[in-house]
Structure formats: C-alpha cells, structure tokens
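Taking it in order: structure first as structure tokens, then the write-up.
Order of the sequence lines fixes the chain letters, A, B, ..., with proteins taken first and strands second; residue numbering starts at 1 for each chain.
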There are 2 protein chains.
Amino acid sequence: MPDSLRRFKAGVFQALAHPTRIAILELLGTGELSAGELIEKLGMEQANVSQHLAVLRTQRLVVNRKSGNQVFYSVRDPILLEVLTLMRSYFQKYLTEAQEMLREMSESGR
Amino acid sequence: MPDSLRRFKAGVFQALAHPTRIAILELLGTGELSAGELIEKLGMEQANVSQHLAVLRTQRLVVNRKSGNQVFYSVRDPILLEVLTLMRSYFQKYLTEAQEMLREMSESGR
DNA sequence: TTCGAATATTCGGTATTACGAATTTAATAT
DNA sequence: ATATTAAATTCGTAATACCGAATATTCGAA
C-alpha cells in the first residue's frame with residue numbers, strides 16, 4: 001500500500017483521536033445537530049467546539065448544511081459509526097484492563 | 001458514555017493515527033514478526049520503529065513475546081484488523097476525493 | 001442600513017509528539 | 001569475562017495540537 005494512502009488513513013484516525021471529537025460523532029449518531037446544539041450538549045467553549053468541528057470537516061468525517069443562521073452537522077458515512085461500534089465491542093472486551101490503564105494514567109498524571 | 005471511556009477510545013485512535021503505526025499493524029496482519037523484521041520491511045531507523053512499537057504497546061494494540069535475543073510482535077485482537085478493513089472500504093469509497101485532498105495538501109504543503 | 005445571534009477564524013501560550021543520534025539493557029556466543 | 005547482536009530508552013530539537021480570549025464573518029430581523 002502506498003504511503004500516501006496510509007497518510008490519508010492516519011489523518012482520519014487523527015481526527016478520531018480526541019475525546020471531544022468522539023463525543024461529537026456519537027452525538028451525531030442519531031441524526032444531524034446544529035453547532036449550537038452540540039456546544040450546549042457538550043458544555044464546552046464555543047470556539048473550542050468549532051475548532052474540533054473544523055478538524056472533522058477538514059478530514060470530511062462530517063458534512064454540514066447551512067440553514068439561515070445555523071449550520072447543521074451530520075456524519076458523512078455510516079461506515080464511521082460502524083467503526084465506532086466495533087470499537088465499543090473492543091472496549092467492552094477489555095473493560096477491566098481499560099479501567100486499570102485509566103487509573104494508572106490519572107495517578108501518574110498528577 | 002463517561003468521558004473516561006472516550007479518553008480511552010481516543011487513545012486507541014491516537015495510536016492508530018500515524019502512517020508508520022498503520023503500516024506496522026498491516027504488516028502484522030498476517031502473523032507475528034520480530035522487531036528486526038519490522039524495521040527491515042519498513043526501512044526506517046531502528047529507534048524510530050521501536051518508539052512506534054512502544055506507542056502500540058502502551059495502548060496495548062499489540063502484544064509481544066520474547067524469544068532469546070528477539071522480540072516478536074503480533075496484533076492483540078482481530079477486532080483491530082476488522083477496524084482497519086472497514087476503514088479500507090471507506091477509503092476505497094472516497095478514493096478520488098482522497099487523492100484530490102492529498103494533491104492539494106502536497107501543493108500547499110511545499 | 002444597523003443590530004443581534006450563530007458560527008468560524010486568528011492569535012498566543014503551553015503541552016504533546018516525532019525524529020535521529022547516542023546510550024543502555026538484555027541475551028547469547030566465544 | 002567480554003564481545004556481539006537485538007531491542008529499548010534517553011535526549012535535544014523541531015513540528016503539531018490544544019485551549020481560551022479576542023476578533024471576524026454571515027445571516028436574518030427590525
């Protein structure tokens with residue numbers, strides 16, 4: 001496989017590699033939401049969410065539709081939700097271990 | 001979903017978010033390989049590959065087995081290979097667009 | 001027009017990541 | 001013991017990512 005494709009793939013994973021962006025995709029799993037609704041549900045800074053949306057847009061994991069004053073986002077392809085679902089089964093399988101990892105991380109972290 | 005789990009997921013995606021690490025997992029898709037074999041097939045610096053292996057180990061996407069002088073790596077769970085396969089179908093679906101993206105990136109990049 | 005609401009972008013600081021060079025560790029063979 | 005090979009770790013530096021504050025853009029309403 002050519003390296004260019006691997007870089008493209010890595011870009012997609014990079015876009016998935018942030019808790020906030022995963023949360024956004026999960027929120028969009030049931031249908032489109034406006035940027036404002038996302039901001040409200042996430043309870044985060046407007047600029048910050050907007051920046052995360054920009055990352056998802058740049059990698060085209062989401063598409064957006066403008067309606068008047070608002071911008072509605074939705075997941076570009078259901079395959080991405082399948083990936084998240086697959087990951088969910090992976091996490092459940094290793095849940096205990098994952099929890100240990102998180103505990104260790106937070107202990108050494110601070 | 002709790003944020004701690006999202007962080008764990010993000011960590012896994014983060015580990016996948018590098019061309020070299022994707023290449024490593026793809027090479028391991030057909031069975032275990034020693035660190036040295038990986039280095040040779042990738043044609044990269046020993047230290048660099050070893051560091052990428054450390055990332056994959058830390059997130060437990062791979063497991064390793066020591067045998068004498070060598071260390072053999074393999075993918076921890078076939079689910080991860082399924083994820084990569086799913087992604088492959090996604091990439092094929094948007095191949096044309098991906099190529100445009102890559103072209104634009106390399107143009108503006110330098 | 002001008003105003004206000006929704007969203008995006010820019011900016012500056014800090015933290016994280018990636019790399020190669022050099023060093024260290026672990027195992028075997030001599 | 002010491003040399004050799006495989007692999008991991010440390011170190012310094014450059015690049016990238018993240019965040020909130022401030023600013024800019026875009027649209028509809030008054």
Side-chain angles (χ1 to χ4, degrees), chain A residues 3 6-24 27-28 32-74 105-106 108-110, chain B residues 3 6-24 27-28 32-74 105-106 108-110:
Chain A
D3 184 63
R6 282 213 190 89
R7 257 181 294 137
F8 180 68
K9 274 194 203 185
V12 173
F13 286 123
Q14 178 63 47
L16 291 168
H18 194 283
T20 301
R21 295 195 290 266
I22 290 176
I24 289 173
L27 284 170
L28 295 179
E32 69 173 12
L33 290 174
S34 71
E37 289 171 314
L38 285 170
I39 290 161
E40 192 219 323
K41 284 175 196 269
L42 292 167
M44 301 179 53
E45 286 290 323
Q46 181 268 326
N48 196 3
V49 173
S50 190
Q51 283 172 116
H52 284 301
L53 285 172
V55 172
L56 293 170
R57 248 187 296 122
T58 300
Q59 296 295 336
R60 318 224 213 200
L61 302 200
V62 300
V63 292
N64 56 331
R65 173 178 76 80
K66 231 169 175 164
S67 172
N69 220 4
Q70 292 164 289
V71 180
F72 289 89
Y73 284 89
S74 52
M105 275 163 54
S106 61
S108 62
R110 65 202 52 129
Chain B
D3 185 64
R6 283 213 191 88
R7 257 181 293 138
F8 181 68
K9 274 195 201 183
V12 174
F13 286 124
Q14 178 62 47
L16 291 168
H18 194 282
T20 300
R21 294 195 290 265
I22 291 176
I24 289 173
L27 283 170
L28 295 179
E32 71 173 10
L33 291 174
S34 71
E37 289 171 313
L38 285 170
I39 290 159
E40 191 219 325
K41 284 177 196 266
L42 292 167
M44 302 177 54
E45 285 291 323
Q46 182 267 327
N48 196 4
V49 173
S50 190
Q51 285 170 121
H52 284 300
L53 286 172
V55 172
L56 293 171
R57 246 187 297 121
T58 301
Q59 296 294 336
R60 318 224 212 201
L61 303 200
V62 300
V63 292
N64 57 330
R65 173 178 75 81
K66 230 170 175 164
S67 172
N69 220 4
Q70 291 165 290
V71 180
F72 288 89
Y73 284 88
S74 51
M105 277 163 54
S106 61
S108 62
R110 66 201 53 125

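With contacts defined as side-chain heavy-atom distances shorter than 4.5 Å, the pair B:H18/B:V55 does not qualify. The side-chain heavy atoms of A:T20 and A:N48, taken from C-beta on, include no pair separated by under 4.5 Å. Using a 4.5 Å cut-off on side-chain heavy atoms (C-beta onward), A:L27 and A:L42 make contact. The closest side-chain heavy-atom distance from A:Y73 to A:I24 is not below 4.5 Å. Contact of the A:V63 side chain with the A:S74 side chain is registered, since non-hydrogen atoms from C-beta on lie closer than 4.5 Å.
Sorted by first then second residue, the salt bridge (Lys or Arg N to Asp or Glu O under 4.0 Å) pairs that include residues 63-74 of chain B, not counting sequence neighbours, are B:E32-B:R65.
The nearest pair of heavy atoms linking B:L53 to B:A35 is CD1-CB, 4.2 Å. Scanning all heavy atoms of the two residues, the minimum distance from A:L56 to A:A15 falls at CD2-O, 4.0 Å.
Taking atom CD of B:Q14 as the reference point, atom P of C:dT16 lies 12 Å away to the nearest angstrom.
Residues A:S67 and A:Q46 each lie close to DNA chain D; by heavy-atom proximity, the contact nearer the 5' end of the strand is made by A:Q46. Along DNA chain D, the nucleotide nearest A:V55 and the nucleotide nearest B:A54 are compared for position; the residue whose nucleotide lies closer to the 5' end is B:A54. Take the nearest nucleotide of DNA chain C for B:N69 and for A:R57: the residue whose nucleotide is more 5' is A:R57.
In the helix from C:dT1-D:dA30 to C:dT30-D:dA1, the rotation axis of the first five pairs and that of the last five pairs differ in direction by 10°, rounded to 10 degrees.
Between the side chain of A:R21 and the main chain of B:A10, no donor-acceptor pair closer than 3.5 Å is present.
Looking at heavy-atom distances under 4.0 Å, A:N48 makes contact with sugar-phosphate atoms alone, never a base. Here A:F72 lies out of heavy-atom contact (under 4.0 Å) with every strand.
Scanning for side chain to side chain contact (heavy atoms under 4.5 Å, CB included) contacts around B:Q70 gives B:S34, B:F72, with sequence neighbours left out. Take A:E40 and apply the side chain to side chain donor-acceptor pair (under 3.5 Å) test, not counting sequence neighbours, and it matches no residue.
Ranking C:dC19, C:dA26, C:dT10 by closeness to the A:Q51 side chain, first place goes to C:dT10.
Listed by residue number, there are no residues of residues 33-44 of chain A with a heavy-atom contact under 4.0 Å to DNA chain D.
Contacts between chain B and DNA chain D, taken as any atom within less than 4.0 angstrom of a protein heavy atom, begin and end at D:dT5 to D:dC11.
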